[in-house]
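These numbers come from the heavy atoms of this one structure, side chains and all, not from hydrogens, waters or symmetry mates. Every number for a ligand or one of its atoms is a count from 1 in the order of the listing. Position 1 is the first residue of the sequence; numbering continues from there.
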Amino acid sequence: MNKEEIIFVTQPSLPPLEDFIESLKDIWESKWITNNGKFHKDFEQKIADYLGVKHISLFSNGTLALMTAIQALELEGEIITTPYSFVATAHAIWWNKLTPVFVDVDPVYGNLDPQKIEEAITDKTSAILPVHVYGNPCDHDQIKAIADKHNLKLIYDGAHAFGVEENQQSVLNYGDLSILSFHATKVFNTIEGGAIISHSLEMKQHIDRLKNFGFVNEVIVQEPGINAKMNELQAAYGILQLKEIDDNISQRKRISEQYRKQLSNILGITYVDEKDNTKHNYSYFPIFIDEEKYGMSRDKLYEKLKENNIFARRYFYPLITEFTPYSDLVKYDLSNAQTMANQVICLPIYSELTEEDINRILEVINA
Ligand SMILES: *Cc1c(COP(=O)(O)O)cnc(C)c1O
């Protein structure tokens with residue numbers, strides 16, 4: 001066991017280099033490097049099939065996908081969202097010149113609490129934007145009922161939810177639109193990348209125009225679009241990644257099981273139980289530290305792991321509402337989110353993490 005070797009919270013899985021070189025040769029030969037080329041078309045079809053979704057539009061990253069999703073639905077005024085997420089969730093609202101309204105999360109999964117949404121709805125509210133945090137599905141039935149009752153749009157930030165299913169159905173089919181991120185740190189990556197899942201061909205075509213300057217054809221620009229296209233290299237890489245993803249997820253499952261087994265008896269440490277009827281992707285392994293019971297604060301443990309060359313991450317700390325652009329916007333009690341943010345550490349999880357690595361991590365936690 002090499003204590004010097006740095007263990008990061010994640011490590012991207014890369015496709016076999018020889019295979020990628022073959023794709024690159026093909027791209028070099030055709031000289032078609034972006035703008036809906038053959039790899040893009042092929043990847044779009046293959047990933048839709050893999051995920052079990054009807055329409056998907058590929059993007060250069062998840063943040064642009066989320067910004068474009070908000071544009072596509074022509075939202076106005078206020079959007080109800082969660083403070084317990086990566087900051088891009090709120091930034092996408094801000095860049096659309098709309099106001100994020102932060103509502104507390106449930107204390108178990110850290111997902112937007114349906115019970116707290118209605119009190120935050122005003123006549124300016126146009127949509128709800130929940131996040132499937134750590135890939136655990138939101139309570140969609142309840143959230144959808146509220147959205148329908150108040151005639152609000154529903155966009156899911158599914159950046160963590162690649163491949164997640166509930167009752168054999170992709171959770172990415174929930175809502176009016178869902179977005180994905182394929183950033184290097186995510187369960188499935190195209191280096192950088194993202195997508196929007198939509199439910200009609202009409203909406204997909206609208207989104208595809210928006211990510212390409214609004215072009216309908218060479219001479220017609222129908223709407224003010226942006227440039228958020230995925231290029232051929234990303235798409236070719238993505239096609240190869242799809243071949244590895246099932247294996248990658250099952251490796252993560254093995255790691256998650258090992259953590260669960262070994263952490264279950266440690267006083268003051270809890271982790272999130274798996275939801276019933278859910279196919280998980282094991283994208284993160286968050287633990288929550290109760291300082292009094294564990295005998296050490298979260299931050300002390302975080303530093304101690306670091307001293308041992310284990311770089312865990314405090315996702316999501318600080319809360320989005322702690323950051324300057326958003327701190328003035330807090331209107332409602334966010335105490336569940338605050339508690340989770342103060343207690344969380346995400347432990348390393350990626351397919352190549354070995355049993356020795358895990359033991360090294362657990363040794364520090366147990367000491
Ligand atoms: C990663 C992430 C994003 C942003 O995706 P990028 O591809 O990095 O732009 C958005 N929301 C959440 C919850 C994320 O974790």
Tell me, which residues have any heavy atom less than 4.0 Å from some atom of ligand 1? N61, G62, T63, S85, F86, A88, T89, V131, D157, A159, H160, S181, H183, K186, G193
Check: F86 ring centre within less than 6.0 Å of H160 ring centre: no
Can the ring centres of F288 and Y271 be said to be less than 6.0 Å apart? no
Please tell me if the side chains of K279 and V164 come closer than 4.5 Å, counting only heavy atoms from C-beta onward. no
Compute the centroid of each ring, for H91 and then for F323, and state whether the two points are separated by less than 6.0 Å. no
For L177 and A72, which heavy atoms make the closest approach, and how far apart are they? CD1-CB, 4.4 Å
Just so I know, are the side chains of V216 and R209 near enough to count as touching, which here means a heavy-atom distance under 4.5 Å? yes
